[in-house]
There are 2 protein chains.
Amino acid sequence: MTVTLADVAARAQVSPATVSRVLNGNYPVAATTRERVLRAVDELDYVLNGPASALAAATSDLVGILVNDIADPFFGIMASAIQSEIGGPGGRAGGERLAVVCNTGGSPERELTYLTLLQRQRAAAVVLTGGAVEDEPHASAVAAKLRRLGEAGTRVVLCGRPPAPDASAIALTFDNRGGGRELTEHLIGLGHRRLGYIAGPEERTTTRHRLEGHRAALAAAGIEEDPRWTVHGRYDRRAGYEATLELLRRDPTLTAVVAANDSVALGACAALRESGLRIPEDVSVAGFDDLPFSIDVVPSLTTVRLPLAEAGARAGRIAMGREEPPHGGIATIRGELMVRGSSGTPRS
Amino acid sequence: MTVTLADVAARAQVSPATVSRVLNGNYPVAATTRERVLRAVDELDYVLNGPASALAAATSDLVGILVNDIADPFFGIMASAIQSEIGGPGGRAGGERLAVVCNTGGSPERELTYLTLLQRQRAAAVVLTGGAVEDEPHASAVAAKLRRLGEAGTRVVLCGRPPAPDASAIALTFDNRGGGRELTEHLIGLGHRRLGYIAGPEERTTTRHRLEGHRAALAAAGIEEDPRWTVHGRYDRRAGYEATLELLRRDPTLTAVVAANDSVALGACAALRESGLRIPEDVSVAGFDDLPFSIDVVPSLTTVRLPLAEAGARAGRIAMGREEPPHGGIATIRGELMVRGSSGTPRS
DNA sequence: AGCGTGACAGCAAGCGCTTTCTATACAGGA
DNA sequence: TCCTGTATAGAAAGCGCTTGCTGTCACGCT
């Protein structure tokens with residue numbers, strides 16, 4: 001039914017071994033023979049059987065990219081950058097690899113299952129992006145799985161994710177804490193003293209780090225934080241919208257709202273406007289990530305730019321063994337404060 | 001080194017065949033035996049070898065999702081919906097499938113290579129999303145490849161993509177033409193007579209269809225189009241920004257700008273504002289797709305909502321054989337005009 | 001002339017699983 | 001009691017490819 005290596009070999013009048021070697025190009029084959037083989041491949045429209053070759057060679061050309069939410073540009077941008085370096089089709093020549101992005105939806109179980117699936121496929125490399133879940137049993141399960149993957153020869157790289165406690169994987173981490181701190185310092189510098197904070201889901205590292213940075217800035221300025229000023233929600237505009245309404249309900253005198261990320265900030269802006277508040281005259285707003293739309297909204301968003309594409313590209317190269325891992329296996333990538341229209345001095 | 005089926009069998013004191021059957025659950029195995037096997041699997045921390053099982057069974061649990069640009073929420077949302085229905089981890093129970101999204105970057109070659117890679121992996125199904133490239137040789141190469149995939153048992157579904165000429169694949173198409181027409185009719189209804197159009201890349205079906213809809217509306221209203229009113233660019237904000245500047249340069253009297261999609265519209269808004277024009281008082285703006293941010297920008301964007309998530313989910317179910325394909329293999333999905341703040345009556 | 005030496009090509013042994021067919025065991029029914 | 005049917009387990013033959021090892025041949029050297 002389907003064409004196999006043997007068929008090609010027969011047609012080219014060579015042994016299957018020779019065909020395999022022509023296709024893999026890692027063993028000397030005379031030019032004329034190669035030619036003959038390639039012609040046969042072409043004529044028969046032969047396509048290598050991936051599973052069979054993966055089995056025989058004990059390696060595969062699959063590279064997994066785990067993301068929390070593929071519909072979120074934060075992950076999309078990173079995934080895109082990683083993938084372009086993985087050198088899937090169109091990347092630099094050489095082994096064509098199938099870069100596959102897996103959407104965990106932020107669920108620890110799915111993350112684990114995808115990891116198992118990739119392990120099952122004997123993936124060549126795995127890149128995990130975005131914040132991790134801090135739930136203890138899950139965290140150690142993931143760590144164990146990553147260790148096992150590493151032992152099996154799969155290269156594991158974390159991108160925008162805190163290093164594993166046992167440092168078993170190479171990690172490119174975003175300095176969420178530092179960015180969060182800088183952002184809030186900026187607002188404090190403008191004169192704000194009552195700042196609401198819309199945090200992400202409780203159990204995520206990203207959420208915690210950004211919040212810690214925020215609080216560190218408050219503490220450094222001697223501002224005592226009111227527990228009512230913090231609300232948790234998901235990382236999307238809807239959550240930002242609702243959280244802002246809640247914040248306003250709890251304390252209408254807030255002069256600034258710091259959001260967990262740009263999408264949340266967008267929702268916050270909508271809520272503020274609907275509440276009749278002007279930005280930034282009445283309330284300042286700040287985001288995080290600097291996604292593409294952030295500069296276009298009105299007023300443009302004050303935020304912390306994270307070099308998502310650069311980090312992704314680097315992670316991709318490291319995963320492919322095309323770049324040296326950072327010294328010590330861990331690199332911290334800093335964000336850059338982008339001061340724009342959504343932040344201003346508080347109303348007196 | 002690595003644990004194999006045979007190791008598990010030895011430990012559980014059964015034959016490899018039995019272990020395989022326990023794992024695949026499609027053959028009667030006594031409860032006590034099953035139990036013993038599962039315990040052994042657990043104790044040895046055994047993970048099935050995907051390639052080996054795919055080879056032996058001649059099927060795999062990979063499902064491919066092709067997207068033009070993973071960093072674009074348009075595709076992210078669809079991919080996410082498809083994936084959740086594919087029932088990757090966390091989906092409904094049963095066969096766990098590895099849904100992999102492949103980023104073609106809009107390049108025909110990469111699209112083709114990914115298709116080959118998926119064919120090589122003997123993918124269970126493939127979903128192609130978004131507009132196709134109209135370049136003839138490429139189009140027929142893709143069609144041929146899809147046909148071959150179909151013959152090999154891979155289910156092929158097109159989502160948000162025009163049906164293949166030979167109707168070889170199931171297609172869920174967006175009515176881009178109708179949406180484009182409706183949108184422009186709306187603007188004409190408001191009194192606009194000089195409308196700029198920022199189209200996507202020339203060779204894409206989506207671009208052409210939306211533009212045709214626009215022109216049909218103009219023609220129906222007896223408005224003769226000035227060729228200077230159309231500019232082509234990519235589907236991103238940057239392109240929208242630049243195209244708008246160009247449009248303004250060519251004809252400063254335009255009263256409306258219709259963009260290829262929401263991101264482009266966002267860039268257009270930025271350019272207009274920087275040119276000192278108010279929206280919609282001086283110039284109306286319209287987008288397409290109704291991405292999540294479109295309702296939050298100021299002014300909120302008049303656009304055509306495409307049910308991306310619903311379409312994706314449906315495509316996913318069809319790909320998994322969990323929903324009947326539409327009658328005739330083709331379904332057209334209509335968009336819905338969303339009239340919002342960015343469109344108004346033209347300045348007299 | 002004899003022979004070491006490259007440069008290629010082929011043989012054949014798996015890689016780890018699935019699955020068909022066969023074997024065994026026990027329960028009823030005749 | 002013997003035979004048949006049913007439930008369950010095992011033996012073994014691949015699935016299509018890779019690769020270590022074994023030729024074979026044509027040179028060029030001594």
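Each chain gets a letter, A, B and so on, in the order its sequence line appears, and its residues count up from 1. Heavy atoms only: backbone and side chains are in, while hydrogens, waters and symmetry mates are out.
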- Rounded off to whole Å, could you give me the CG-to-C1' distance for the L48(B) and dT18(C) pair? 10 Å

Residues 308-318 of chain B, side-chain donor-acceptor partners within the protein, below 3.5 Å, at least two apart:
residue, atom, partner, partner atom, Å
R314(B), NE, E323(B), OE2, 3.1
R317(B), NE, E323(B), OE1, 2.6
R317(B), NH2, E323(B), OE1, 3.0

- With sequence neighbours excluded, what pairs up with R39(B) under the salt bridge (charged side-chain N to carboxylate O under 4.0 Å, His left out) test? none

- Answer yes or no: is there a donor N or O on one side and an acceptor on the other, between the side chain of T154(B) and the main chain of A125(B), under 3.5 Å? no

- Polar side-chain atom of T173(A) near backbone of G160(A) as donor-acceptor pair, under 3.5 Å: no

- Task: Heavy atoms only: give me the nearest L5(A)-P16(A) pair and the separation to one decimal.
- Result: CD1-O, 3.7 Å

- Query: Going by heavy atoms closer than 4.0 Å, what residues in residues 34-46 of chain B are next to DNA chain C?
  - Reply: Y46(B)

- Who passes side-chain hydrogen bond (donor to acceptor under 3.5 Å, both in side chains) against D69(B), sequence neighbours left out? none

- Message: Looking at V67(A), is its backbone amide N or carbonyl O close enough to the side chain of T104(A) to form a donor-acceptor pair, meaning the two atoms are under 3.5 Å apart?
- Response: yes

- Item | N or O in side chain of S53(B) less than 4.0 angstrom from dG16(C) OP1/OP2 | no

- Return the value, rounded to whole Å, for the distance between atom CG of N26(B) and atom P of dC17(C). 15 Å

- DNA chain D: 5'-proximal contact among V29(B) and N24(A) (nearest heavy atom): V29(B)

- Task: Using a 4.0 Å cut-off on protein heavy atoms (strictly under), produce a 5'-to-3' string for nucleotides 10-15 of chain D with B for base contact, S for backbone-only sugar-phosphate contact, and - for none.
- Result: BB--BB

- Applying side-chain hydrogen bond (donor to acceptor under 3.5 Å, both in side chains), which residue pairs with at least one partner in residues 26-37 of chain B are found, sequence neighbours left out? none

